[in-house]
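The structure appears below as structure tokens.
Remember, predicted model here, so these are calculated numbers, not experimental data. Throughout, protein chains are lettered first and strands after them, A, B, ... in sequence-line order, and every chain is numbered starting at 1. The figures that follow rest on heavy atoms only: side chains count, while hydrogens, waters and symmetry mates do not.
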Number of protein chains: 2
Amino acid sequence: MSQLPFAWDEIAEAKRIRDETAPPPNEEIDPKLEALVTQIIGQVADKWTMLVLEELEERGCLRFTQIARGIPDISQKMLTQTLRQMEREGLLTRTVHPVVPPHVDYELTDLGHSLGAAFCGVWLWAEENMDRIERARADFDARAGVVKA
Amino acid sequence: MSQLPFAWDEIAEAKRIRDETAPPPNEEIDPKLEALVTQIIGQVADKWTMLVLEELEERGCLRFTQIARGIPDISQKMLTQTLRQMEREGLLTRTVHPVVPPHVDYELTDLGHSLGAAFCGVWLWAEENMDRIERARADFDARAGVVKA
DNA sequence: CAGGATCCCTATCGATACTG
DNA sequence: CAGTATCGATAGGGATCCTG
């Protein structure tokens with residue numbers, strides 16, 4: 001067991017040379033654009049963003065506490081932060097009414113609504129395939145469990 | 001400046017009572033289902049998952065290092081982890097060829113491809129609205145900057 | 001080649017307290 | 001009501017080294 005069955009280093013070296021001489025794989029996508037898209041999706045697909053989006057999509061124009069009550073597990077910190085970010089990206093408008101009991105309400109912009117529509121596909125996919133995924137997970141875990149046991 | 005202009009506590013109290021007596025907002029969505037969907041989307045919308053999905057969607061059946069080379073910024077740790085998770089959820093298959101230089105390749109399942117299709121909508125949305133978002137961000141930051149300055 | 005194990009750091013998030 | 005500020009825990013993720 002103390003002998004190496006194969007010269008791994010030589011493989012690595014050969015691979016390295018091949019990689020250097022090989023032409024780069026066709027990069028059809030502008031990396032900068034891809035980075036932006038990735039970043040946008042990353043933010044947009046955020047757990048809280050999705051829930052806020054859903055809430056405003058279903059119930060229209062809401063105040064801070066109304067949204068908070070619709071998403072029980074969110075802390076005010078995360079809600080504030082999420083709303084700011086969504087406002088920054090133009091997904092919703094924040095309107096402050098200068099009255100003595102402060103009154104602020106939030107409403108989706110066209111952009112926000114369009115995002116909701118785009119996300120609908122993923123949402124439906126998740127709903128439709130939920131049990132398939134659960135089964136896949138159970139299978140995987142069962143196999144892993146057998147190996148460990 | 002030392003006097004409170006309004007009795008905030010009374011407002012809070014009135015609101016609290018109103019909330020308790022008000023009927024609960026119509027909860028059309030099964031919260032358990034929503035939690036699952038949220039979780040699935042949360043995992044699926046992960047940065048690396050998306051990139052791996054895209055890579056396999058475009059280039060078909062790939063080996064570990066081929067994927068790694070297609071996603072330059074990923075660490076092997078994250079790649080391994082992402083692949084395991086995707087395998088666990090049934091998005092891809094992992095095939096080990098028992099040869100001396102280890103050879104493992106990954107390929108999307110039907111489920112994986114269907115997810116790619118579902119995500120297409122969001123991807124297109126992000127592409128189409130990228131500049132709108134960038135402008136919105138710039139505007140927001142400009143306004144914020146003015147306030148601070 | 002494909003990946004496991006380890007260390008370590010930072011970004012994130014929740015809870016709490018305070019304010020206009 | 002609608003936030004801001006601060007602190008502490010913790011998990012995500014990178015860098016590095018090691019192995020079959």
Side-chain angles (χ1 to χ4, degrees), chain A residues 1-19 39 42-43 45-49 51-52 62-69 71-85 87 92 94-106 144 147-148, chain B residues 1-19 42-43 45-49 51-52 62-69 71-87 92 94-106 144 147-148:
Chain A
M1 303 292 189
S2 57
Q3 298 184 25
L4 286 176
F6 209 88
W8 304 101
D9 292 351
E10 291 179 13
I11 295 179
E13 176 63 10
K15 186 70 189 331
R16 196 184 57 74
I17 293 176
R18 201 208 57 184
D19 284 355
Q39 179 203 10
Q43 292 183 6
D46 169 73
K47 178 186 178 184
W48 302 127
T49 302
L51 295 178
V52 169
L62 296 177
R63 303 181 55 174
F64 187 87
T65 39
Q66 290 181 304
I67 302 175
R69 297 183 70 241
I71 311 173
D73 297 354
I74 199 171
S75 64
Q76 59 6 7
K77 177 181 176 178
M78 281 303 103
L79 181 52
T80 302
Q81 189 173 307
T82 303
L83 289 171
R84 283 291 181 288
Q85 193 181 337
E87 184 195 1
L92 53 78
R94 175 174 181 270
T95 312
V96 181
H97 302 280
V99 295
V100 175
H103 184 128
V104 182
D105 43 34
Y106 299 88
V147 172
K148 286 214 169 187
Chain B
M1 303 292 189
S2 56
Q3 297 185 25
L4 286 176
F6 207 90
W8 304 101
D9 293 352
E10 292 179 13
I11 296 180
E13 177 62 9
K15 186 71 191 330
R16 196 185 56 75
I17 292 175
R18 200 207 59 184
D19 284 355
Q43 292 183 6
D46 169 73
K47 178 185 178 184
W48 301 127
T49 302
L51 295 176
V52 169
L62 296 177
R63 302 180 55 174
F64 188 87
T65 40
Q66 290 180 304
I67 301 176
R69 297 184 70 240
I71 310 173
D73 297 352
I74 199 171
S75 63
Q76 51 18 359
K77 177 181 176 178
M78 280 303 104
L79 182 53
T80 302
Q81 189 173 308
T82 303
L83 289 171
R84 284 290 182 285
Q85 194 182 343
M86 292 176 74
E87 184 195 0
L92 54 77
R94 176 174 180 271
T95 313
V96 181
H97 302 279
V99 294
V100 176
H103 185 127
V104 182
D105 42 34
Y106 299 89
V147 173
K148 287 215 169 185

> Can you say whether the rings of A:H97 and A:H103 are parallel (under 30°), tilted (30 to 60°) or perpendicular (over 60°)?
Replying inline: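 A:H97 vs A:H103 ring planes: perpendicular.
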>> My understanding is that only residues two or more places apart in sequence, or in another chain, count here; which of them pass side-chain hydrogen bond (donor to acceptor under 3.5 Å, both in side chains) with A:Q85?
In response: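 Per chain and number, A:Q85 pairs via side-chain hydrogen bond (donor to acceptor under 3.5 Å, both in side chains) with A:Q43.
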Test item: [X] and [Y] side chains (from C-beta on) under 4.5 Å apart, heavy atoms:
X	Y	answer
A:L51	A:T82	no
B:Q76	B:F64	yes
B:W48	B:L83	no
A:R84	A:E87	yes

Figure out the [atom1]/[atom2] separation between [X] and [N], and round it to whole Å.
X	N	atom1	atom2	answer
B:L62	C:dA2	CG	C1'	15 Å
A:R94	D:dA2	CZ	P	10 Å
A:I67	D:dA2	CD1	C1'	12 Å
A:E87	D:dG3	CD	P	9 Å
B:Q66	C:dC1	CD	C1'	12 Å

Looking at [N], I'd like to know if its phosphate oxygens (OP1 or OP2) sit under 4.0 Å from a side-chain N or O belonging to [X].
X	N	answer
B:R69	C:dC1	no
B:R84	C:dG3	yes
A:R63	D:dA2	yes
A:T80	D:dA2	no

>> Across nucleotides 5-19 of chain D, 5' to 3', mark each nucleotide with B, S or - according to how protein heavy atoms within less than 4.0 Å reach it.
In response: -B------BBBBB--
